[in-house]
Trainee: 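Quick one: the structure is below, questions incoming.
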Amino acid sequence: PFDGDDEEALRTALLDPDRPAPSLAALRPDLPPALVQLVASCLEKSRARRYSSASALVATLQRLAGDQAANELPSWSASGPSVPYPVMSP
């Protein structure tokens, strides 16, 4: 999610612990705040601020799915986004 004029600028942005990832809310204001926070936690550079395990992340996702916030998810959330994401070749 970082921009850079060249590979070195991008690497610097990725490795700078004081530069957070861009806010998902700015890109997708229609998303529930709880989901935006979940994604922000996943993108944290500090290991201590990210989920400690995949199970903890899944537990949060399941809790969100049961919350009122789940009713606010976009209609594509059950089947995936309507805009295809590029697939990277190995």
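For the single chain, residues carry numbers from 1 onward in sequence order.
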Trainee: Can you list everything that forms a side chain to side chain contact (heavy atoms under 4.5 Å, CB included) with Leu57? Sequence neighbours excluded, please.
Mentor: Leu38, Cys42, Tyr51, Leu61
Trainee: Kindly write out the residues that satisfy side-chain hydrogen bond (donor to acceptor under 3.5 Å, both in side chains) with Arg11, not counting sequence neighbours, or none if the list is empty.
Mentor: Glu7, Glu8
Trainee: So, taking the atom named CG in Asp16 and the one named NZ in Lys45, what distance separates them when rounded to the nearest 0.5 Å?
Mentor: 5.5 Å
Trainee: Indicate the atoms forming the closest heavy-atom contact of Arg50 with Ser41, along with that distance.
Mentor: CG-O, 3.4 Å
Trainee: Would you name the heavy atoms of Leu64 and Ala34 that are closest together and state the gap between them?
Mentor: CD2-CB, 3.2 Å
Trainee: Under the rule for side-chain hydrogen bond (donor to acceptor under 3.5 Å, both in side chains), what residues qualify as partners of Glu44, not counting sequence neighbours?
Mentor: none
Trainee: Going by side chain to side chain contact (heavy atoms under 4.5 Å, CB included), name the residues that satisfy it together with Val39, two or more places apart in sequence or in a different chain.
Mentor: Leu24, Leu43
Trainee: Taking only residues two or more places apart in sequence, or in another chain, which ones meet Ser23 in a side-chain hydrogen bond (donor to acceptor under 3.5 Å, both in side chains)?
Mentor: none
Trainee: Apply side chain to side chain contact (heavy atoms under 4.5 Å, CB included) to Ser53 and list each qualifying residue two or more places apart in sequence or on a separate chain.
Mentor: Ser55, Ala56
